Amino acid sequence: MRVSIVIPVYKVEKTIHRCVDSVLSQTYTDYEIILVDDGSPDNSGEICEHYAALHDNVAVIHQENAGVSVARNAGLERARGEYVMFLDSDDYLAENCLETLIQSNADLVIGSLYVITRAGEIHEQSPRADQIFSFSELRNVMADLIKENRMNYLHAKLFRRSIITQHKLCFEEYLLTAAEDTFFVFNYLRYCESIYIRGTPVHYYTYSPSGLAHSNYLMRVSCGYRLWDFLTASCQEMGLYTDEVKRVIDLRYLTYMNTLLKRLPDKDYSKNEKLRFVREMEATAALKKLCSEYPDEPLDELNYLYANGREALLRYAQRKRLRMKLTRPFMRAAYYVRLYAKEILVRLHIVKRQSKQKKG
């Protein structure tokens with residue numbers, strides 16, 4: 001058995017068919033599917049049993065609701081394949097996904113994504129050529145891989161199971177990390193000798209603002225700091241911490257914290273809860289220090305916080321959010337006026353239409 005595909009299942013009766021069917025229709029067939037029913041209160045568990053009854057290579061694990069990390073760990077214990085793939089039950093695979101990724105014998109195989117937005121639009125991940133390299137060569141591309149979101153998530157990856165079992169790797173509880181997939185990938189990475197990147201998109205990732213990655217707002221200050229600290233320490237320990245890697249990790253952290261402050265006025269929390277949230281951010285010494293290291297970055301909320309304090313920041317953010325709401329319709333109208341005006345000028349041959357030149 002070459003590949004074990006672990007799929008956590010919880011309240012996904014509307015999408016689980018699409019997910020599992022996309023695996024069953026793969027052009028490469030040496031795989032097993034492990035469905036982990038995480039105490040789902042809907043019909044998801046029964047749907048899993050239905051697939052197991054029809055297909056010999058589908059197994060089902062039922063457990064009390066314990067979260068996605070525990071479900072993935074249960075799937076890992078059951079897996080028997082040479083490689084392990086993790087697939088979310090609201091995502092699905094291109095029919096050539098496994099055939100495309102299994103071509104390499106690398107310790108870590110990284111595929112590319114199609115990202116499906118909330119509006120249903122499908123966007124391809126940043127293009128990248130196929131490439132295989134040793135761990136030592138990873139230093140030269142790590143900054144780009146983080147920026148392209150290729151190292152941050154489990155999606156479209158094959159992990160060698162022997163490495164996972166030998167080093168007893170597992171997923172931490174979600175509430176502790178808020179980025180359990182990133183922790184797993186980087187903990188796994190330190191034991192890899194070879195990495196293969198496949199530029200062809202093979203995984204359809206569905207953006208879900210109601211998912212775990214977008215919940216637990218009040219915990220995000222401590223979780224965000226822990227993730228930044230972990231990535232910094234991990235890259236340093238692995239010899240991957242170049243100046244550009246540091247900048248990428250720092251700015252992702254700073255931008256995320258700044259965005260949290262921007263969105264805080266819209267959250268349905270009491271004033272005291274919001275003040276505690278901002279107080280925690282204000283007291284994070286590493287965050288304040290980092291903010292001063294990048295004076296040219298647009299970190300308005302963070303800069304305002306450290307210059308004026310949390311009470312003033314909440315008032316500032318509220319006013320700024322209100323102005324945005326008031327001006328957004330006018331900005332949208334102005335955009336369409338410019339768009340139609342340009343189209344009229346093109347049709348009248350006053351200006352030329354600019355065509356995008358294809359590369360290569």
Side-chain angles (χ1 to χ4, degrees), residues 1-38 40 42-63 68-69 71-106 108-116 122 124-125 150 153-161 164 171 181 184-185 196 198-208 211-212:
M1 180 94 49
R2 291 299 305 278
V3 185
S4 296
I5 303 172
V6 177
I7 306 177
V9 175
Y10 182 73
K11 292 175 66 174
V12 287
E13 59 183 6
K14 294 182 179 180
T15 60
I16 186 64
H17 286 290
R18 181 183 65 179
C19 175
V20 178
D21 288 344
S22 75
V23 181
L24 292 172
S25 62
Q26 288 295 298
T27 55
Y28 182 86
T29 58
D30 190 11
Y31 64 84
E32 66 174 349
I33 302 174
I34 303 172
L35 301 169
V36 186
D37 171 27
D38 187 32
S40 191
D42 61 3
N43 295 319
S44 298
E46 289 79 2
I47 295 172
C48 292
E49 288 292 347
H50 175 73
Y51 277 108
L54 293 177
H55 303 276
D56 294 337
N57 61 342
V58 178
V60 181
I61 299 172
H62 297 283
Q63 65 179 35
V68 66
S69 292
R72 286 173 179 154
N73 288 335
L76 270 177
E77 291 180 7
R78 169 63 176 75
R80 295 295 178 267
E82 179 184 350
Y83 287 98
V84 178
M85 169 183 275
F86 299 97
L87 177 61
D88 291 344
S89 47
D90 54 353
D91 294 350
Y92 59 101
L93 306 178
E95 65 177 9
N96 65 336
C97 175
L98 295 182
E99 182 179 358
T100 300
L101 297 183
I102 204 65
Q103 293 176 7
S104 166
N105 197 39
L108 176 61
V109 182
I110 304 173
S112 297
L113 306 177
Y114 291 111
V115 178
I116 306 175
I122 299 178
E124 186 175 328
Q125 194 172 11
R150 295 182 192 273
Y153 306 112
L154 296 172
H155 312 309
K157 290 181 176 63
L158 295 182
F159 302 89
R160 193 179 295 280
R161 190 170 65 87
I164 295 173
F171 292 90
D181 46 357
F184 183 87
V185 171
Y196 175 61
R198 193 73 160 93
T200 304
V202 292
H203 180 120
Y204 289 85
Y205 165 68
T206 304
Y207 176 86
S208 175
L212 284 174

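Please read all numbers here as calculations on a predicted model, not as lab measurements.
Residues forming a salt bridge (charged side-chain N to carboxylate O under 4.0 Å, His left out) with Arg160 (at least two apart in sequence, or on another chain): Glu82, Asp107. For Gln63, the side chain to side chain donor-acceptor pair (under 3.5 Å) criterion is met by Asp38, not counting sequence neighbours. Under the rule for a side chain to side chain donor-acceptor pair (under 3.5 Å), Thr29 has no partner lying at least two apart in sequence or in another chain. Legend: residues meeting ring pair (Phe, Tyr, Trp, His ring centres under 6.0 Å) with Tyr83, ordered by chain and number and at least two apart, are absent.
Between Val3 and Asp30, the closest side-chain pair of non-hydrogen atoms is not below 4.5 Å. The side-chain heavy atoms of Tyr196 and Ile110, taken from C-beta on, include no pair separated by under 4.5 Å. For the pair Phe184/Ile164, a side-chain contact is recorded, criterion being any heavy-atom separation below 4.5 Å from C-beta on. At least one side-chain heavy atom of Ile34 sits under 4.5 Å from a side-chain heavy atom of Val36. A 4.5 Å side-chain heavy-atom check between Ile5 and Leu98 finds at least one atom pair inside the cut-off.
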For residues 7-14, dump all side-chain donor-acceptor pairs below 3.5 Å to protein atoms at least two apart in sequence or in another chain.
{"unit_1": "Glu13", "atom_1": "OE1", "unit_2": "Asn43", "atom_2": "N", "d": "3.1"}
{"unit_1": "Glu13", "atom_1": "OE1", "unit_2": "Asn43", "atom_2": "ND2", "d": "3.3"}

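The shortest heavy-atom contact between Gly199 and Ser112 is O-OG, 3.2 Å. Shortest non-hydrogen contact noted between Cys97 and Met85 is SG-CE, 3.9 Å. The heavy-atom pair separating Ala79 from Val84 by the smallest distance is CB-CG2, 4.3 Å. Across every non-hydrogen atom of Thr100 and Arg198, the tightest pair is CG2-NE, 3.1 Å.
A distance of 13.0 Å separates OG in Ser22 from NE2 in His17, rounded to the nearest 0.5 Å. The CG atom of Leu76 sits 6.0 Å away from atom CZ of Phe171, with the distance rounded to the nearest 0.5 Å. For the atom pair NE2 of His155 and CZ of Phe86, the computed distance is 12.5 Å after rounding to the nearest 0.5 Å. With values rounded to the nearest 0.5 angstrom, Cys19 atom SG is found 8.0 Å from Leu35 atom CG. Rounding to the nearest 0.5 angstrom, the gap separating the CD1 atom in Ile122 from the CG atom in Leu113 is 12.5 Å. With values rounded to the nearest 0.5 angstrom, Leu87 atom CG is found 5.5 Å from His203 atom NE2.
The backbone N or O of Thr27 sits nowhere less than 3.5 Å from a side-chain atom of Glu99 that would complete a donor-acceptor pair. Under the 3.5 Å distance criterion, the side-chain polar atoms of Thr15 are matched with a main-chain donor or acceptor of Ser89. Under a 3.5 Å cut-off, the side chain of Arg18 and the backbone N or O of Asp90 do form a donor-acceptor pair.
Around atom NE2 of His50, no more than 12 heavy atoms belonging to other residues, nucleotides or ligands sit under 6.0 Å away.
Relative ring orientation between Tyr153 and Tyr205 is described as parallel, the plane-to-plane angle staying below 30° on a 0-90° scale split at 30° and 60°.
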Next item on the list: Output, in order, the C-alpha distance, side-chain angles, deciding distance and verdict of side chain to side chain contact (heavy atoms under 4.5 Å, CB included) for Leu154 and Val185.
Entry: CA-CA 7 Å; Leu154 296 172; Val185 171; 4.0 Å; yes
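Sorted by first and then second residue, the side-chain hydrogen bond (donor to acceptor under 3.5 Å, both in side chains) pairs with a member in residues 71-80 read Glu32-Arg78, Arg72-Asp88, Arg72-Glu180; sequence neighbours excluded.
Side-chain contact annotation: Tyr51 with Asp21, donor-acceptor N/O pair under 3.5 Å present.
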